[in-house]
Amino acid sequence: MSARLTDYRHDGLRFDVLDEGPLDGDAIVLLHGFPERASCWRRVAPLLHAAGYRTLAPDQRGYSPGARPRRRRDYTVARIAGDVAALIERAEVGSAHVVGHDWGAVAAWATATLRPDLTRTLTSVSVPHPQAFVRSLTRSTQALHSWYMLGFQLPWLPERLAAKPGGEFDRSLARSGMSPDEVARFRTEIVEYGALPGAIGWYRALPFSDRHLLDAPVRVPTTMVWSTEDPFVTRAAVELTPRHVVAPYELVVLDAVNHWIPTQAPEALAESILERAVSR
């Protein structure tokens, strides 16, 4: 049985980890998205622990204080997937069920693609396969829902907009469906914590991303969880995803739920994660 982790090192960086649940349980890696940290899983993880699973939820690259490189190219998807693989290897669990929300879903897709030996199953929350997303930009209205990704390419401006409490950045999160408590948590856990520049680094590294990650199919059992009120991801992108999975695949659609599934529909999400883990 491996020891409890509080942090781990990879690529010269140190990552903080929430390691909870039964140490002898099968491991589930929980990967947060933007703009949240590992605490976004606080309502999902206890449900997984009750089912006998151990959870490993890192504050990812750009979020952990010891893992905030300054170069854009340090935030490529391949590097982020390497961080996830290093966590699984450091935990000495053999392989893990990998779950990711938002940008964490991109990290999960990439980990399953590059390291299927470490990925027992994949549960992607809100974000489809990267190639499906790219194709949807020209085949649907997805580009209109992703305009902010271009805005994040600008230097300094997103950080300056976020610096003002109650300003446009906070209001945009509220319009996306975040509750007042969640917006407040963004301000304390991301802005005041100093994590915002690194978090935006994931977007700014997109021009440096490896194209082969888009082309390679996923070969592990996969569940895609998407919600009908998601303002960022269209159904068209989701429906293109199955062609990129060469393994058992299931789409779970949550009606009347917005983008922030881990905090606002934890029971339904935990059920989907557990069903995938059991049915692998």
Side-chain angles (χ1 to χ4, degrees), residues 2-23 25-46 48-49 53-69 74-115 118-127 185-186 188-190 193-203 205 261-263 266 269-270 273 277:
S2 61
R4 190 72 75 186
L5 297 180
T6 58
D7 59 62
Y8 76 101
R9 296 181 181 274
H10 176 246
D11 200 22
L13 307 173
R14 185 180 64 79
F15 300 83
D16 298 326
V17 183
L18 293 177
D19 179 356
E20 301 171 314
L23 272 174
D26 288 347
I28 299 178
V29 172
L30 300 173
L31 303 172
H32 66 81
F34 176 90
E36 298 181 293
R37 287 169 43 204
S39 60
C40 76
W41 301 104
R42 65 196 183 282
R43 295 176 180 169
V44 175
L48 306 179
H49 304 156
Y53 289 87
R54 174 186 181 184
T55 61
L56 299 164
D59 278 352
Q60 297 193 81
R61 183 176 290 238
Y63 294 82
S64 288
R68 296 175 180 173
D74 287 325
Y75 292 90
T76 61
V77 173
R79 286 183 180 271
I80 290 165
D83 299 336
V84 180
L87 170 59
I88 297 171
E89 292 175 333
R90 174 65 181 83
E92 299 180 343
V93 294
S95 60
H97 304 284
V98 180
V99 180
H101 174 247
D102 189 82
W103 262 111
V106 178
W109 284 112
T111 302
T113 300
L114 295 174
R115 296 299 306 269
L118 298 178
T119 309
R120 299 178 71 173
T121 67
L122 166 64
T123 301
S124 175
V125 188
S126 300
V127 173
R185 185 162 53 85
F186 157 74
T188 57
E189 293 194 1
I190 301 298
Y193 195 57
L196 188 61
I200 295 177
W202 293 45
Y203 292 95
I261 294 174
T263 54
L269 177 54
I273 295 169

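- For the atom pair Phe186 CZ and Tyr193 OH, the distance stands at 15.0 Å (nearest 0.5 Å).
- Shortest non-hydrogen contact noted between Leu31 and Pro58 is CD2-CG, 3.9 Å.
- Nearest heavy-atom pair, Arg14 versus Ser64, reported as atom, atom and distance to 0.1 Å: O-CB, 3.7 Å.
- Once rounded to the nearest 0.5 Å, the distance linking NE2 of His101 with CD of Glu36 reads 6.5 Å.
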*Determine, step by step, whether Thr111 and Val29 satisfy the side chain to side chain contact (heavy atoms under 4.5 Å, CB included) criterion, reporting the C-alpha distance in whole Å, the side-chain angles of both residues, the deciding distance to 0.1 Å, and the verdict.*
CA-CA 11 Å; Thr111 302; Val29 172; over 6 Å; no

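- Side-chain contact between Thr123 and His97 is absent, with no heavy-atom pair separated by less than 4.5 Å.
- Looking at residues two or more places apart in sequence or on another chain, you find a side-chain contact (heavy atoms from CB on, under 4.5 Å) between Val106 and Val77, Trp103, Val127.
- Going from atom CG of Asp74 over to atom CD1 of Ile80 covers 10.0 Å, rounded to the nearest 0.5 Å.
- Taking Pro197 as the reference, Glu159 meet the side-chain contact (heavy atoms from CB on, under 4.5 Å) condition, with sequence neighbours excluded.
- Residue Ser39 comes nearest to Glu189 through the heavy atom pair OG-OE1, 2.5 Å, listed as atom of the first residue, atom of the second, then distance.
- Heavy atoms only, all atoms of each residue included: Thr76 and Ala205 are closest at N-CB, 3.8 Å.
- The closest side-chain heavy-atom distance from Leu87 to His10 is not below 4.5 Å.
- Taking OH of Tyr75 as the reference point, atom CD1 of Ile200 lies at 11.0 Å (rounded to 0.5 Å).
- Scanning all heavy atoms of the two residues, the minimum distance from Pro35 to Tyr63 falls at CA-OH, 4.4 Å.
- Salt bridge Arg9/Asp11: absent, no basic N to carboxylate O contact under 4.0 Å.
- The one candidate from Leu269, Leu30, Val99 that meets the side chain to side chain contact (heavy atoms under 4.5 Å, CB included) condition with Leu48 is Leu30.
- Taking the ring pair (Phe, Tyr, Trp, His ring centres under 6.0 Å) definition, one finds that Tyr8 meets it with Phe15, sequence neighbours left out.
- Distance check, rounded to the nearest 0.5 Å: CZ of Arg54 to CG of Leu5 gives 5.5 Å.
- In this structure, Ile28 CD1 and Trp41 CH2 are separated by 10.0 Å, a value rounded to the nearest 0.5 Å.
- Looking only at distances, no side-chain donor or acceptor of Arg37 sits under 3.5 Å from a matching main-chain atom of Asp59.
- No donor-acceptor distance shorter than 3.5 angstrom exists from the side chain of Arg68 to the backbone of Arg61, with no hydrogens or angles considered.
- Of all heavy-atom pairs spanning Cys40 and Pro262, the tightest one is O-CB, 3.7 Å.
- Between Phe34 and Leu196, some side-chain heavy-atom pair lies under the 4.5 Å cut-off.
- Using a 4.5 Å cut-off on side-chain heavy atoms (C-beta onward), Leu18 and Thr55 make no contact.
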*Decide yes or no on side chain to side chain contact (heavy atoms under 4.5 Å, CB included) for Arg185 and Thr263, but give the supporting numbers first.*
CA-CA 12 Å; Arg185 185 162 53 85; Thr263 54; 3.6 Å; yes

